[in-house]
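See below for the structure under consideration.
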Amino acid sequence: MNRNVILTCAVTGAGDTTGKNPNVPVTPQQIADSCIEAARAGASVAHIHVRDPETGGISHSTDHFREVMERVREADTDIVMNITAGGGGDWTPDPSDPTRGGPGTDIQTPAQRHEPVGELLPELCTLDCGSLNFSDMVYINTADWLREHARLVQQAGVKPELECFDLGHVWFARQLQQEGLIDGDPLYQLCLGIPWGAEADTETMLAMRSKLPENADWAAFGIGRHQMPMVAQAMLLGGHARVGLEDNLMLKKGVMATNGGLVEKAGGIIENLGGRVMTPAETRAQLKLRDPSTGLTVETAAGGEA
């Protein structure tokens with residue numbers, strides 16, 4: 001069991017959730033405020049997407065990411081920042097011509113996906129490690145695109161969080177490591193419960209965990225009603241955890257969640273199991289992340305080796 005848990009809060013995704021829970025943040029200021037709310041509730045890491053402030057839909061704007069980052073960094077509450085680099089992979093065939101993308105299709109090249117990360121240099125960014133039947137659409141990540149993307153993240157000096165939505169994604173993430181495209185100890189995020197990827201249950205989490213490299217740090221999350229059970233299960237199997245409105249809109253049946261409320265509930269589960277949530281500073285040391293105030297790794301800032 002892991003008694004020192006890195007707790008991530010994924011404050012807003014890119015899905016059509018803004019009409020389902022009014023607490024889902026949309027504007028850069030709202031997203032930044034949610035990161036700060038999560039930090040004050042005890043989260044170690046804030047994982048962010050950005051949205052179009054007018055429509056609430058998908059945005060890839062570096063300016064939106066920059067505003068969120070600046071607002072969070074100017075706050076008096078510390079939190080590790082994790083920017084998504086997994087946008088621009090959605091594809092739905094056009095009913096009249098299945099060789100073309102139809103409504104809902106949103107495709108970016110690896111260079112375009114990487115642009116906010118390369119410019120803003122967060123401590124962490126996501127790297128989605130495969131393609132997937134993602135509910136009714138296809139999420140596209142070809143192997144060569146992922147190699148290119150991993151190389152861009154590596155050159156930027158940002159640590160990738162290797163998001164794995166199925167067992168084959170773990171296999172490919174290990175391949176990236178073997179090819180020298182992942183530096184240091186890898187960080188995996190096991191993403192469970194998305195139709196039609198890995199199921200959110202003990203057997204699936206255990207199977208994926210058993211395929212991780214020995215030097216890996218890892219976390220897991222489940223969506224919807226599976227969110228809190230997967231917090232407990234990840235901790236019991238030696239991992240870290242993630243909650244937040246990107247993955248789950250309800251605190252309990254009939255009660256709309258907030259990001260702070262989900263963090264507090266997850267923190268209570270962790271404490272009741274005999275553990276604790278790691279601080280952002282402890283998280284940077286555990287994962288050997290760059291300190292945003294100095295630009296150096298925590299080890300270097302503390303007088304050790306980079």
Side-chain angles (χ1 to χ4, degrees), residues 1-8 10 44-45 47 82 84-86 89 110 124-135 138-151 153-154 158-223 226-243 247 270 273 275 278 283 286-289:
M1 184 172 74
N2 178 24
R3 298 184 185 276
N4 296 292
V5 179
I6 296 170
L7 181 59
T8 294
S44 319
V45 179
H47 169 62
N82 178 344
T84 184
L124 290 166
C125 72
T126 57
L127 182 65
D128 300 77
C129 291
S131 300
L132 180 74
N133 280 339
F134 199 109
S135 189
V138 177
Y139 182 61
I140 296 178
N141 282 296
T142 66
D144 285 345
W145 274 25
L146 283 169
R147 288 185 173 95
E148 179 184 348
H149 199 168
R151 191 173 291 109
V153 173
Q154 185 181 53
V158 175
K159 189 178 185 74
E161 181 186 60
L162 304 170
E163 287 201 326
C164 298
F165 294 81
D166 219 338
L167 198 55
H169 297 185
V170 177
W171 183 10
F172 189 75
R174 295 201 318 267
Q175 180 66 24
L176 290 176
Q177 187 178 4
Q178 291 168 11
E179 293 177 11
L181 294 171
I182 305 297
D183 293 332
D185 295 338
L187 172 64
Y188 284 75
Q189 180 72 257
L190 308 182
C191 311
L192 308 179
I194 291 93
W196 303 101
E199 293 184 81
D201 56 36
T202 301
E203 294 83 0
T204 303
M205 188 186 294
L206 185 58
M208 295 176 78
R209 188 208 67 173
S210 70
K211 294 293 186 178
L212 300 180
E214 289 186 3
N215 65 332
D217 290 290
W218 68 276
F221 70 85
I223 67 169
H226 300 292
Q227 185 168 84
M228 295 304 164
M230 292 300 101
V231 169
Q233 189 61 84
M235 179 182 175
L236 291 170
L237 290 180
H240 306 286
R242 167 174 140 174
V243 295
D247 308 320
I270 291 165
L273 288 173
M278 296 177 72
T283 299
Q286 171 69 25
L287 301 179
K288 301 179 178 62
L289 302 178

Solution key, residues 187-200 side-chain donor-acceptor pairs under 3.5 Å, sequence neighbours excluded:
| unit_1 | atom_1 | unit_2 | atom_2 | d |
| --- | --- | --- | --- | --- |
| Gln189 | OE1 | Ala220 | N | 3.2 |
| Gln189 | NE2 | Glu161 | OE2 | 3.1 |

Using atom types as modelled, flag every donor-acceptor pair under 3.5 Å from a side chain in residues 163-173 to any protein atom, sequence neighbours excluded.
| unit_1 | atom_1 | unit_2 | atom_2 | d |
| --- | --- | --- | --- | --- |
| Glu163 | OE2 | Arg242 | NH1 | 3.2 |
| His169 | ND1 | Phe165 | N | 3.0 |
| His169 | NE2 | Ser131 | O | 2.9 |

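Scanning all heavy atoms of the two residues, the minimum distance from Cys129 to Leu146 falls at C-CD1, 3.6 Å. Considering all non-hydrogen atoms of both residues, Asp128 and Gly86 come closest at OD1-CA, 3.2 Å. Among all heavy-atom pairs drawn from Leu127 and Pro160, the shortest one is CB-CB, 4.2 Å. Taking all atoms of both residues into account, the shortest heavy-atom contact from Ala85 to His149 is O-CE1, 3.0 Å. Of all the heavy atoms in Val153 and Val158, the pair that sits closest is CG1-O, 3.2 Å.
For Arg3, there are no salt bridge (Lys or Arg N to Asp or Glu O under 4.0 Å) partners, not counting sequence neighbours. Residues satisfying the side-chain hydrogen bond (donor to acceptor under 3.5 Å, both in side chains) criterion with Gln286, sequence neighbours excluded, are Asp217. Residues passing the side-chain hydrogen bond (donor to acceptor under 3.5 Å, both in side chains) test with Thr202 are Gln233, sequence neighbours excluded. For His240, there are no ring pair (Phe, Tyr, Trp, His ring centres under 6.0 Å) partners, not counting sequence neighbours. For the side chain to side chain contact (heavy atoms under 4.5 Å, CB included) test, residues two or more places apart in sequence or in another chain that qualify with Thr142 are Ile140, Trp145. Residues passing the side-chain hydrogen bond (donor to acceptor under 3.5 Å, both in side chains) test with Asn133, sequence neighbours excluded: none. Legend: residues meeting side-chain hydrogen bond (donor to acceptor under 3.5 Å, both in side chains) with Glu148, ordered by chain and number and at least two apart, are absent. Under the rule for a side chain to side chain contact (heavy atoms under 4.5 Å, CB included), the partners of Asn215 that lie at least two apart in sequence or sit in another chain are Gln177, Asp185, Pro186, Pro213.
Atom OG1 in Thr204 sits 13.5 Å away from atom CZ in Arg209 (nearest 0.5 Å). Atom CG in Leu273 sits 11.0 Å away from atom CG in Asn2 (nearest 0.5 Å). Atom CE of Met208 sits about 12.5 Å away from atom CG of Leu237, to the nearest 0.5 Å. To the nearest 0.5 Å, atom CG of residue Leu176 and atom CD1 of residue Ile182 are 5.0 Å apart.
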Exercise for the section: Given side chain to side chain contact (heavy atoms under 4.5 Å, CB included), test Val138 with Leu132 step by step and report yes or no. Expected result: CA-CA 6 Å; Val138 177; Leu132 180 74; over 6 Å; no
Exercise for the section: For Leu162 and Thr126, run side chain to side chain contact (heavy atoms under 4.5 Å, CB included): C-alpha distance rounded to whole Å, both residues' side-chain angles, the deciding distance at 0.1 Å, then the answer. Expected result: CA-CA 6 Å; Leu162 304 170; Thr126 57; over 6 Å; no
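The main-chain N or O of Leu7 is found under 3.5 Å from a side-chain atom of Ser44 such that the two form a donor-acceptor pair. Of the possible polar contacts, one joining the Asn141 side chain to the Gly130 backbone as a donor-acceptor pair under 3.5 Å is found.
Within the structure, salt bridge (Lys or Arg N to Asp or Glu O under 4.0 Å) contacts touching residues 172-184 (residues at least two apart or in different chains) are Arg147-Glu179.
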